[in-house]
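Working notes for the structure below.
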Amino acid sequence: MSSKQIYQEVILDHCKKPRNWGMVSKPTHKAEGINPLCGDHLWVSMTVVDETIEDIQYEGESCAICMASGSMMTMKVKGKAFTDVMALTEQFRSLTTGPSEADGAKELGSLTVFSGIRDLPSRVKCAMLPWHTLTAAINSKEEASTEGDQDPVPGSGTQKT
Amino acid sequence: MGKAMRNDTVVKYDVERIRRDFPVLSTSVNDNPLVYLDSGASSQMPQSVIDRINHYHQYEHANIHRGVYQLSEQATTAYEEVRTTVARFLNVPDSAEIIFTKGTTHAINLVAHAYGRKFVRAGDEIIVSHMEHHSNIVPWQQLCEEVGATLKVIPISDVGELDLEVYEGLLSEKTKMVAVTHVSNVLGTINPIRDMVALAHAKDIPVLVDGAQGAPHMKVDVQDLDCDFYIFSGHKVCGPTGIGVLYGKRDWLERMDPFEGGGDMILSVTFEKTTYADIPAKFEAGTPPIVSALGLGKAIDYLESIGLDSIELHEKVLTKYAMDALTDIEDITFYGTAPNKAGVISFNIKGVHAHDIGTLLNDDGVAVRTGHHCAQPIMQRYKVPATTRASFYLYNTVDDVDKLVVAIRKAQKIFS
Ligand SMILES: Cc1ncc(COP(=O)(O)O)c(C=O)c1O
């Protein structure tokens with residue numbers, strides 16, 4: 001599959017200048033995410049008031065797809081209630097893994113640039129990792145991993161930190 | 001080898017003819033001809049191997065060592081002939097010292113169990129190197145945990161060579177095994193196995209060599225190396241998956257207990273006691289991957305028809321060419337630049353994650369491996385999360401390298 005769909009201006013821009021980069025100063029929620037296939041490793045930290053994300057930042061070391069996904073995710077979910085965030089996460093998941101007709105819910109907005117990723121099954125995890133980590137942070141589990149996911153390309157090695 | 005002779009060999013090596021033997025090499029990816037640079041993971045199969053496999057499935061399929069009818073006897077003979085082929089391939093005089101396994105990983109686990117559980121005790125030590133594949137780390141780690149032994153690690157230098165002084169210092173009366181790779185699957189370093197074996201043997205310590213990246217690329221003579229175990233996988237020597245080889249010295253194999261129990265590995269079974277078959281059957285419980293073994297036999301025939309020395313030389317020339325061409329790329333960092341290096345080149349491009357390089361190269365039909373290559377300790381040593389790896393084999397060309405370079409520059413431009 002060609003990757004032309006995915007390495008577009010928007011994604012490259014977010015990759016080079018990630019938004020909301022860093023760690024919020026007094027996080028109420030945070031989690032660490034790892035993708036053993038890529039070696040992607042990131043942290044999501046948030047200040048949450050009444051189940052609403054007041055502030056969110058992320059940082060780490062990752063491939064462009066993960067980086068851009070994380071950057072755009074933080075912009076999207078800042079100020080949103082947990083329930084809305086969880087719905088968005090589901091929409092993003094079906095955008096990246098669903099049938100090709102599904103072009104994504106309107107709510108996803110600019111995140112629909114990730115629809116091309118479904119043609120690159122080995123890279124779906126990269127796009128999903130920030131979202132997994134966000135879910136882990138919401139549940140305040142310490143660590144998210146893409147390992148539990150159904151892996152379209154298994155056998156990439158295993159890792160537990 | 002003299003210079004004149006070297007040139008001579010290069011001229012005679014007809015890579016285009018070799019390429020025609022591999023059907024997959026004339027296919028396309030994303031409308032570009034496939035440039036296959038991942039033979040370090042799995043090599044491709046020539047038509048003769050594919051034909052052998054098909055023929056068995058069409059006309060020869062039967063279990064071995066079990067029937068008195070013709071089909072079974074033929075399959076048994078064919079399977080046992082491959083054992084002789086493999087023995088010749090590694091220069092083993094006694095083909096009973098060749099054990100068929102599912103692959104390198106399976107073979108290392110076999111030794112870690114059958115040797116380890118018998119000879120390794122609490123307080124003992126096992127030596128591995130910092131450049132091992134996970135499959136030559138984890139089985140030893142499991143053994144150590146189980147019996148209370150300790151894993152010791154030979155460090156590597158910045159260019160990717162083992163520190164032999166430290167190695168020598170690690171060898172002691174506590175050491176019960178040295179398990180080391182012949183060639184690193186990430187750094188390409190060819191380790192001085194003969195010297196390492198001599199040092200270990202001076203203290204009566206056996207040595208296991210992970211030859212997964214060695215046997216495919218150079219003539220291996222286990223008598224010359226004098227190692228106690230040598231292991232490789234079929235799918236990296238132009239053969240199919242599902243088959244691997246364990247060479248072990250008779251003395252060790254006889255003293256070791258079986259690894260797996262079942263059919264074919266017994267002499268007699270009662271509910272009170274089972275007596276085991278002699279080697280090699282003792283270590284081949286159950287119906288083996290017969291067709292994979294036949295494919296492996298043909299693959300070895302194929303490699304030998306070209307000549308392992310010629311293949312090695314071809315890869316050396318290509319690797320030198322590739323290192324020179326890649327060095328011209330701005331912001332490239334190599335991992336593994338030892339002088340004695342096989343056709344494995346690991347690198348990173350500043351500002352572009354290896355995984356993105358891999359995806360973008362695929363657009364141009366270039367297949368490389370990206371990630372940690374099942375060798376996370378190497379990634380930790382060089383403080384990188386991942387690398388891109390191009391690995392060469394007998395069918396790769398200067399044109400492949402040129403296309404790799406062009407594709408990398410293109411990827412770099414997208415991120416600039
Ligand atoms: C050096 C080395 N050792 C061991 C292995 C494992 O081989 P297999 O997966 O065939 O068991 C590999 C292949 O990935 C390797 O490169």
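To find a chain, count down the sequence lines: A is the first, B the second, and so on, and within it residues start at 1.
Atom NZ of B:K410 has 12 or fewer neighbouring heavy atoms from other residues, nucleotides or ligands inside a 6.0 Å radius. The local environment of NZ in B:K102 is sparse, with at most 12 non-hydrogen atoms from other residues, nucleotides or ligands closer than 6.0 Å. For A:E59, the CD atom sits in a packed shell: over 12 heavy atoms of surrounding residues, nucleotides or ligands are nearer than 6.0 Å. Environment of NZ in B:K152: sparse, with no more than 12 heavy atoms of neighbouring residues, nucleotides or ligands closer than 6.0 Å.
Only the backbone of B:S416 comes within contact range of chain A, with heavy atoms under 4.5 Å apart. For a residue to count as touching a neighbouring chain, one of its non-hydrogen atoms must lie under 4.5 Å from one of that chain's; by this rule A:C66 does not touch chain B. A:L12 touches chain B through its side chain: at least one heavy atom from C-beta onward sits under 4.5 Å away, while N, CA, C and O do not.
Note that the SG atom of A:C15 and the CD1 atom of B:I414 stand 12.0 Å from one another [nearest 0.5 Å]. The OG1 atom of B:T359 lies 9.5 Å from the CD1 atom of A:I6; values are rounded to the nearest 0.5 Å. Interatomic distance, NE2 of B:H353 versus CD1 of A:I65, reported as 10.5 Å (0.5 Å rounding).
Between the side chains of A:Y7 and B:D363, no donor-acceptor pair is found at a separation under 3.5 Å.
The backbone N or O of A:C63 sits nowhere less than 3.5 Å from a side-chain atom of B:D356 that would complete a donor-acceptor pair. Side-chain N or O atoms of B:H372 include one that pairs as donor or acceptor with a backbone N or O of A:P36 at under 3.5 Å.
Side-chain contact between B:H355 and A:C126 is present, with at least one heavy-atom pair separated by less than 4.5 Å.
Across every non-hydrogen atom of A:G39 and B:P385, the tightest pair is O-CB, 3.6 Å.
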